[in-house]
Chemist: 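Got a structure for you, written out below as structure tokens; questions coming shortly.
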Amino acid sequence: MTRVSAPTQPADRPRSVPLGCLGTRAILIAVIWLGLVLRLYHLDSNSLWADEVVTEILIRMRPHVMLEIIHRYDNHPPLFYALTSVSRVWGDSDFAARLPAALAGILSVPAVFVLARRLQMSTVAGLMASLLLATMPFHLRFSQEARSYTTAILLQIIALYWLYRSLSTDGRWSWLWYVLAMIAGLYTHYFAFLWLAAQAGFVLLTCLAILLRRDGSDRPAPLRRLALPFAASFLLCAVAYLPWYRSLLLHTQLLAGLARLPGTAPKPHDLTILVSFWRGIAEQQHAFALALLAAAIAGVGVGLFRRRFDATTYLILNLLVPALALTVASSAPYFDVKYLFPIVAPVLLMAAQGSSSVYDVVAAVGKRVSRSAAAGLALLGAAVLMVSLSPAYYRFQKEDWRGAASYLAAHVLPQDVIIGDGIFGDRGGGDALRVVQGLGYYLRSPTAVIKAELELADHLPGDQRTAGAAWGVIWYQGQLKDRASLSARLAFVDFNNLVLFRLQRPSGQVWQDAAAILEAMLELQPLAETHADLHLALMRLYTNIGEPGRAASHADAAQVLIPRGDSRLGVLANRERSHVLGAAREAARGSEVQAARSLYAQALAAADDPGPRFDILLEWGIFERFQANPQRAIELLEQALLLQPDHGEAHANCGAVLLDAGRLDEAIREFAFVIGKSPDHYWAHYYSGVAYYRSSRLPEAIAAAEQAARLPVDAALRSQAAQLAVEAVIQMGDCTQLRRIAQRYQPLPPSQQETIAGILASCP
């Protein structure tokens, strides 16, 4: 096992390569400029893609709304969104949206050089690390994406620097800067906890190395200097993260539920994601990926050979801990190669150290070549190699939401509808939302984009004969079926990873065209599990259009595709009940009393769950109340309250029926329960006043009626409550109350004014 020693003091560093101060600075500045040019060049040439659109949507929200949505639904903490919102000062463009990520990528180039020097690497190794990072297509890609990955890499480099410096010196300010960098990292990406784990492992190994020494040195002092400050830093990070702890717990549970733990034997998938990472770095140029891997392995060997155990162990732990954790997480369905960004900096530093050893060999063997010239040639060769990879990045095209939106804006008429879907998840709805967001962001017009899901029919025009056409949009990533067989019926327009289509011969009616577009989506999408939402949407459409046969066919297809326990099964289970309940409502509106009662009974018999049963009992009870059948209404409402004892509206309706039946004390108790839950419930106050009035409890009736009249309701309801209060005061014959009432509630009905005038005439 490699012995880990305490980090050496800066004064113990090996002598730097004699490039000269001005030469080093000139090369570093050139590398920084190279990184800047590569990151700002064509920064807005590609459209924002789905995740970037989410960033832009979030930063346009009010801060408290943004934080709530990030907490519940987004797998990134809020700091990057806060930083991106500052970029609005540069305008509302794609360039401004990506500028914060680009700036973080540019700043990472000199930062990795400073870290390399702190880790006792040579000047050439530091410059090589900067050059590799400046020109790496993997890092370049995320420097031109409005997401948090390059910001997280920059903060990781800063945290690695300040922790190593804190362990090497006794400065308190170094620990403070480390804590600030870690807190910023934790609020930028959840994977920053992997850095913290790796760094804790390094401190632990360093302390163990000190304890195992047998040279009689004073062990407690170094331990206090290393372990206690790190423990205090860890505690400060934990305290600073308390406001976001609930979100961390929520997303950790989500990841744990989706990822699998590795078995006893390694599986091929455990290495697949790491292989994909290496291929991604080199833009699928396998020779360079292998060369980088060999350089990283050589860098570890160079570090051990030169007895830089502390720096080498530091890099190995910051590579292995995230890599092992992310290998486990890579089994989650949403995992992507980009999530391996935590190992970029350690890999590049090791590769730079390995590459710089080639320079040492050249400088030692080449008697006639100066060391500076050798270093310059090595860096120039690496620059040519890395820059040659850049065109591969710039040829990469994301889905073109901007182009698709421009096309739709030019061709879609106001009465047309746009239906969006995606095919990645086990449900179409999640990806359909991204289509709505992506197109909606660039359309920025009243033209609506509708998700291909059950509620689609709710967003179509109320009249099924409305003129217009329907458009389909699929986010497909090149996975659609062959479209040749559909070209006779559909016209297609491609925008990289998006496809727009419409009927070659529209029917002229939006509802009919929408059904045809959904049917085409079923034919285009290759994954059967993504069809369930489309079948549910078609079920609703055909039900409303009046084609029950087709609706039943799609309902059966959806039932086969939806897994057990899925909430969408409830839609299918309640479909017949909903149909019967709708018929009962129609009968009730048409005064077909016996038919309505029979249909309500059928719907109740078809409802198995407490929720639907409660809704039917409540609706049926209200129906019986208006049919002047209070006894039956009370029975139904009491059954409903057994299912949901605290439902305020059920208690209010039950009180109204008890009032109609003359059971005044029971009605008063029901209204008091409602007022306790909803103090501003107008009808509870008003009807309780009526109940008090009929019970001859006139002071309580006046108080309840006046409270109802004070509530923020329309003038007619306030007048109704005022008249009740006046009637109660008239019954009391209280002259003082009558004068107050007559002044407060003007104008009063003529009959009440005459009565009040007569009573007041006889008052002293």
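Here the structure is a predicted model, which is why all the values come from computation and not from measurement.
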Chemist: Would you check if Met136 and Val344 make a side-chain contact, meaning some heavy-atom pair closer than 4.5 Å?
Modeler: yes
Chemist: Look at the side chain of Ser130 and the backbone N and O of Pro110, then say whether any donor-acceptor pair between them is shorter than 3.5 Å.
Modeler: no
Chemist: Could you walk me through whether Asp310 and Gln120 satisfy the side-chain contact (heavy atoms from CB on, under 4.5 Å) test, starting with their C-alpha distance in whole Å, then the side-chain angles of each, then the deciding distance to 0.1 Å, before giving a yes or no?
Modeler: CA-CA 10 Å; Asp310 47 357; Gln120 308 165 40; 3.6 Å; yes
Chemist: Kindly compute the distance separating CD (Gln156) from CD1 (Ile343), expressed to the nearest 0.5 Å.
Modeler: 10.0 Å
Chemist: Using the side-chain contact (heavy atoms from CB on, under 4.5 Å) rule, take Met66 and Arg60 through it: C-alpha gap first, then chi angles, then the decisive distance, then the call.
Modeler: CA-CA 8 Å; Met66 179 187 74; Arg60 283 168 169 76; over 6 Å; no
Chemist: Under a 3.5 Å cutoff, is there a donor and acceptor pairing between the side chains of Tyr149 and Ser143?
Modeler: no
Chemist: Using atom types as modelled, flag every donor-acceptor pair under 3.5 Å from a side chain in residues 231-243 to any protein atom, sequence neighbours excluded.
Modeler:
from: Ser233; atom 1: OG; to: Pro229; atom 2: O; distance (Å): 2.8
from: Tyr241; atom 1: OH; to: Leu186; atom 2: O; distance (Å): 3.4

Chemist: Side-chain contact, heavy-atom cut-off 4.5 Å: Ile69 with Asp74?
Modeler: no
Chemist: Spell out, as yes or no, whether a donor-acceptor pair under 3.5 Å connects the side chain of Arg118 to the backbone of Tyr161.
Modeler: no
Chemist: Please report the interatomic distance CZ(Phe80) to OG1(Thr55), rounded to the nearest 0.5 Å.
Modeler: 6.0 Å
Chemist: Within the side chain of Tyr81, is there an N or O that forms a donor-acceptor pair under 3.5 Å with the backbone of Glu56?
Modeler: no
Chemist: Which heavy atom in Ala97 sits nearest to a heavy atom in Pro100, and how many Å separate them?
Modeler: O-CD, 3.6 Å
Chemist: Evaluate whether atom CH2 of Trp177 has more than 12 neighbouring non-hydrogen atoms of other residues, nucleotides or ligands under 6.0 angstrom away.
Modeler: no
Chemist: How close do Gln437 and Val54 get, counting heavy atoms only, and between which atoms?
Modeler: OE1-CG2, 3.5 Å
Chemist: Is there a donor-acceptor contact under 3.5 Å from the side chain of Thr150 to the main chain of Ala101?
Modeler: yes
Chemist: Closer than 4.0 angstrom, basic N to acidic O: yes or no for Arg141 and Glu145?
Modeler: no
Chemist: Is Arg98 close to Asn46 at the side-chain level, that is, under 4.5 Å between some pair of heavy atoms?
Modeler: yes
Chemist: Side chains of Phe113 and Ile32, heavy atoms from C-beta outward: is any pair under 4.5 Å?
Modeler: no
Chemist: Decide yes or no on side-chain contact (heavy atoms from CB on, under 4.5 Å) for Asp44 and Gln144, but give the supporting numbers first.
Modeler: CA-CA 8 Å; Asp44 59 350; Gln144 294 199 332; over 6 Å; no
Chemist: At what distance, to the nearest 0.5 angstrom, does CG of Asp51 lie from CZ of Arg434?
Modeler: 4.5 Å
Chemist: With rounding to the nearest 0.5 angstrom, report the CD1 to CG distance, Ile106 to Leu133.
Modeler: 11.5 Å
Chemist: I need the minimum non-hydrogen distance between Gly201 and Leu317, along with the two atoms involved.
Modeler: C-CD1, 3.8 Å
Chemist: Do any pairs count as a side chain to side chain donor-acceptor pair (under 3.5 Å) and have a residue in residues 340-351, sequence neighbours left out, and if so which ones?
Modeler: none
Chemist: Between Ser47 and Trp401 (side chain of the first, backbone of the second, donor and acceptor by atom type, cut-off under 3.5 Å), is there such a pair?
Modeler: yes
Chemist: Does some side-chain heavy atom of Phe191 sit less than 4.5 Å from a side-chain heavy atom of Pro322?
Modeler: no
Chemist: Would you confirm whether Arg39, through its side chain, and Ala134, through its main-chain N or O, come within 3.5 Å as a donor-acceptor pair?
Modeler: yes
Chemist: Please check if the side chain of Glu399 supplies one atom and the backbone of Gly438 the other of a donor-acceptor pair under 3.5 Å.
Modeler: no
Chemist: In Å and rounded to the nearest 0.5 Å, what is the CH2 to CD1 distance from Trp162 to Ile157?
Modeler: 15.0 Å
Chemist: Would you please indicate if the ring centroids of His42 and Phe95 are separated by under 6.0 Å?
Modeler: no
Chemist: Taking the ring centre of each residue, are His139 and Phe341 less than 6.0 Å apart?
Modeler: no
Chemist: Any side-chain heavy-atom pair from Ile57 and Met61 closer than 4.5 angstrom?
Modeler: yes
Chemist: Among Tyr178, Tyr314, Tyr164, whose side-chain hydrogen bond (donor to acceptor under 3.5 Å, both in side chains) with Gln199 holds?
Modeler: Tyr178
Chemist: Donor-acceptor check, side chain of Thr312 to backbone of Phe309, threshold 3.5 angstrom: yes or no?
Modeler: no
Chemist: Locate the shortest heavy-atom distance separating Ala116 from Gly126; write the atom from each residue and the value.
Modeler: CB-CA, 3.6 Å
Chemist: Could you check if a side-chain atom of Leu348 sits within less than 4.5 angstrom of a side-chain atom of Val112, using non-hydrogen atoms only?
Modeler: no
Chemist: For the pair Val65 and Leu58, evaluate side-chain contact (heavy atoms from CB on, under 4.5 Å) and give the outcome as yes or no after the intermediate values.
Modeler: CA-CA 9 Å; Val65 177; Leu58 285 172; over 6 Å; no
Chemist: Could you tell me whether the side chain of Thr188 and the main chain of Ala152 form a donor-acceptor pair under 3.5 Å?
Modeler: no
Chemist: Nearest 0.5 Å, what's the CD1-CG distance between Ile183 and Leu79?
Modeler: 11.0 Å
Chemist: If you measure only the distance, is there a donor-acceptor pair under 3.5 Å linking the side chains of His76 and Ser148?
Modeler: yes
Chemist: Nearest heavy-atom pair of Ser247 and Ile70: which atoms, and what distance?
Modeler: OG-O, 4.4 Å
Chemist: Is there side-chain contact between Tyr245 and Leu249, with at least one heavy-atom pair below 4.5 Å?
Modeler: yes
Chemist: What pair of heavy atoms forms the shortest contact from Ala181 to Ile158, and how long is it?
Modeler: CB-CG2, 3.7 Å
